[in-house]
Amino acid sequence: MGCAGSRAKGDDSSKRIRKPKPWKHPEPITRTQLMKLREEFWDTAPHYGGRPEIWDALHAAAEADLTLAQAIVDSAGVIVQRADLTICYDERGAKYELPKYVLSEPTNLIDDN
């Protein structure tokens, strides 16, 4: 019953997703460093639980424009808790937390040079 209740709460007829609010990395970071962080996250995230196909859908959604991202999460049955995709659930109730650095760039991104 808890799962059905949480789905109803998070499923305001599929919560519309949006870009995360601007954020700042603790220290200035280059695009190369950001890409490395993202790669490490996506490589390790599935090992901490959840279903691989949901992680794949979230990865694809994180890299897509908002319209396509919405279609991806809707078709995968992802329950969006926070509209910026930082907290989502699957239909079985497994929680998926995405750091902002996989969803958008920080305000203090610097050139690689």
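Predicted model, so just to flag it, every value in this text is computed and none were measured. For the single chain, residues carry numbers from 1 onward in sequence order.
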- In short, side chain to side chain donor-acceptor pair (under 3.5 Å) pairs touching residues 94-103 with sequence neighbours left out are Asp90-Tyr96
- Correct closest heavy-atom pair for Ala61 and Ala69 would be O-CB, 3.4 Å
- Task: Check whether any side-chain heavy atom of Val80 lies under 4.5 Å from a side-chain heavy atom of Tyr89, and answer yes or no.
- Result: no
- Message: Working to the nearest 0.5 angstrom, can you tell me the gap between Asp84 CG and Thr86 OG1?
- Response: 3.5 Å
- Message: I need the Ile87 CD1 to Leu98 CG distance, nearest 0.5 Å.
- Response: 9.5 Å
- Message: Assess, by modelled atom type and distance only, whether the side chains of Ser104 and Trp23 contain a donor and an acceptor separated by less than 3.5 Å.
- Response: yes
- Under the side chain to side chain donor-acceptor pair (under 3.5 Å) rule, what pairs show up with a residue in residues 38-49, not counting sequence neighbours? Lys36-Glu40
- Message: Arg51: which residues meet the side chain to side chain donor-acceptor pair (under 3.5 Å) condition with it, sequence neighbours left out?
- Response: Glu53
- Message: Tell me whether Lys15 contacts the main-chain N or O of Gln81 through its side chain, where contact means a donor paired with an acceptor under 3.5 Å.
- Response: yes
- Item | Ala83 to Arg16 - nearest heavy-atom pair and separation | CB-O, 3.4 Å
- Task: With sequence neighbours excluded, tell me which residues meet side chain to side chain donor-acceptor pair (under 3.5 Å) with Asp112.
- Result: Thr30, Thr32
- Test salt bridge (Lys or Arg N to Asp or Glu O under 4.0 Å) applied to Glu105 - qualifying residues, sequence neighbours left out: Arg31
- Query: When rounded to the nearest 0.5 angstrom, what distance separates NZ in Lys21 from OG1 in Thr107?
  - Reply: 14.5 Å
- Worked verdict on Cys88 versus Leu58 for side-chain contact (heavy atoms from CB on, under 4.5 Å): CA-CA 9 Å; Cys88 300; Leu58 290 171; 4.1 Å; yes
- Test Ile29 against Leu37 for side-chain contact (heavy atoms from CB on, under 4.5 Å), laying out the working first. CA-CA 10 Å; Ile29 185 172; Leu37 277 175; 3.6 Å; yes
- Task: Sequence neighbours left out, what passes side chain to side chain contact (heavy atoms under 4.5 Å, CB included) with Lys19? Give chain and number order.
- Result: Leu66
- Item | Side-chain cluster (under 4.5 Å, hydrophobic types only) that Leu68 belongs to, other residues | Ile72
- Contacts of Asn108 that satisfy side chain to side chain contact (heavy atoms under 4.5 Å, CB included) - sequence neighbours left out: Lys24, His25, Pro28, Pro106
